[in-house]
Amino acid sequence: MQSTWQREQINLILPLALICCCLLIDTATAQEAQQPWYENLPAVAMDYKVHIDAGKEDCYHQYVQAGATFYVSFSVVRGGDGMAGFAVRNPANEVVKPYQWQATADYTDQVSPGGYYSVCIDNQFSRFAGKLVNIYITVVKYDAWDKYAKEIEQLQLNMQNFTATIGTVERNINDMMGYQAHSRHRESRDYALLLDNNAYIQTFSISQIVVILITCSIQVFFVRKLFEVKANSKSRI
């Protein structure tokens with residue numbers, strides 16, 4: 001009787017243990033799925049071109065780890081008056097950069113508290129013209145180099161100067177990437193302006209040619225009409 005009772009207890013416990021293991025695995029898998037793929041990378045840079053319809057507002061969200069440096073810049077490439085509204089909200093949903101109607105803008109958070117930042121582009125003041133906007137985002141973890149320094153320190157090497165140099169190089173690279181993003185924004189905007197001017201000049205030139213041809217044709221027609229002699233006219237002499 002005792003052995004039968006123990007077997008029944010084991011048969012009840014095994015399914016419960018399997019269910020608990022499955023729940024733990026599902027929970028861990030869900031947590032991993034919620035984490036962005038770039039969470040463990042020391043630096044991430046992204047460059048987007050987005051189209052904002054007339055009278056609309058679009059917001060984009062970027063995950064930033066705690067302690068990382070967050071940088072975002074935007075530039076209107078083409079459309080309308082060449083300006084749009086730009087605002088940034090931190091993970092606490094606080095507006096850290098208020099809306100301003102301008103052609104270019106940027107924002108930097110040196111030490112992020114961690115979470116999702118909201119970057120919003122507002123085109124509500126433009127009722128008829130859509131805007132093409134360039135967005136550049138970087139997320140840099142400068143303290144990630146400490147992990148490499150600790151690993152190398154285990155090899156009994158003095159890496160303090162090396163770590164400081166690498167950190168300086170990383171900051172300079174990040175600054176250079178920001179300058180390059182601004183240069184690309186200006187280049188894209190100038191190229192779009194060049195295309196618009198070229199299309200305008202071509203359209204205006206073709207319309208002028210058509211007007212000149214029509215005017216010449218009308219003048220020739222009326223001049224010929226003045227010198228036209230009717231065949232059935234009789235002379236009174």
Shortest non-hydrogen contact between [X] and [Y], atoms and distance:
{"X": "V77", "Y": "S188", "value": "CG1-O, 3.5 Å"}
{"X": "P98", "Y": "A87", "value": "C-CB, 4.3 Å"}
{"X": "I135", "Y": "D47", "value": "O-OD1, 3.2 Å"}
{"X": "S118", "Y": "H61", "value": "OG-ND1, 3.0 Å"}
{"X": "Q102", "Y": "V76", "value": "O-CG2, 4.3 Å"}
{"X": "V139", "Y": "A68", "value": "CG1-CB, 4.0 Å"}

Could you tell me whether the side chain of [Y] reaches within less than 4.5 Å of the side chain of [X], counting heavy atoms only?
{"X": "N123", "Y": "K56", "answer": "no"}
{"X": "F86", "Y": "C120", "answer": "no"}
{"X": "V88", "Y": "V72", "answer": "yes"}
{"X": "Y60", "Y": "I137", "answer": "no"}
{"X": "F74", "Y": "T104", "answer": "no"}
{"X": "F70", "Y": "T108", "answer": "no"}
{"X": "V133", "Y": "Y48", "answer": "no"}
{"X": "D196", "Y": "R78", "answer": "yes"}

Q | N/O donor-acceptor pair under 3.5 Å between K131 side chain and G82 backbone | A |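 The answer is no, because no donor-acceptor pair under 3.5 Å joins these two groups.
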
Q. Is a donor on one side and an acceptor on the other found under 3.5 Å between the side chain of S207 and the backbone of F204?
A.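 It does hold such a pair.
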
Same apolar cluster (I L V M F W Y, side chains within < 4.5 Å links), [X]/[Y]:
{"X": "V119", "Y": "V96", "answer": "yes"}
{"X": "F222", "Y": "I212", "answer": "no"}
{"X": "I214", "Y": "V211", "answer": "no"}

Return the [atom1] to [atom2] distance between [X] and [Y], rounded to the nearest 0.5 Å.
{"X": "T215", "Y": "Q208", "atom1": "OG1", "atom2": "CD", "result": "9.5 Å"}
{"X": "N198", "Y": "T203", "atom1": "CG", "atom2": "OG1", "result": "9.0 Å"}
{"X": "I201", "Y": "N197", "atom1": "CD1", "atom2": "CG", "result": "6.0 Å"}
{"X": "S75", "Y": "K49", "atom1": "OG", "atom2": "NZ", "result": "9.5 Å"}
{"X": "R89", "Y": "Y117", "atom1": "CZ", "atom2": "OH", "result": "14.0 Å"}

Q: Please list, chain by chain and in numerical order, all residues satisfying ring pair (Phe, Tyr, Trp, His ring centres under 6.0 Å) with Y107, sequence neighbours excluded.
A: none

(Q) So, using ring pair (Phe, Tyr, Trp, His ring centres under 6.0 Å) as the criterion, who are the partners of F125 when residues are at least two apart? (A) W101

Q. Should the ring pair Y136 and Y71 be called parallel, tilted or perpendicular, given that the plane angle runs from 0 to 90° and is split at 30 and 60?
A. perpendicular

Q) If you draw a 6.0 Å radius around CD in E187, do more than 12 non-hydrogen atoms from other residues or ligands fall strictly inside? A)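 Open: at most 12 neighbouring heavy atoms sit under 6.0 Å from CD of E187.
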
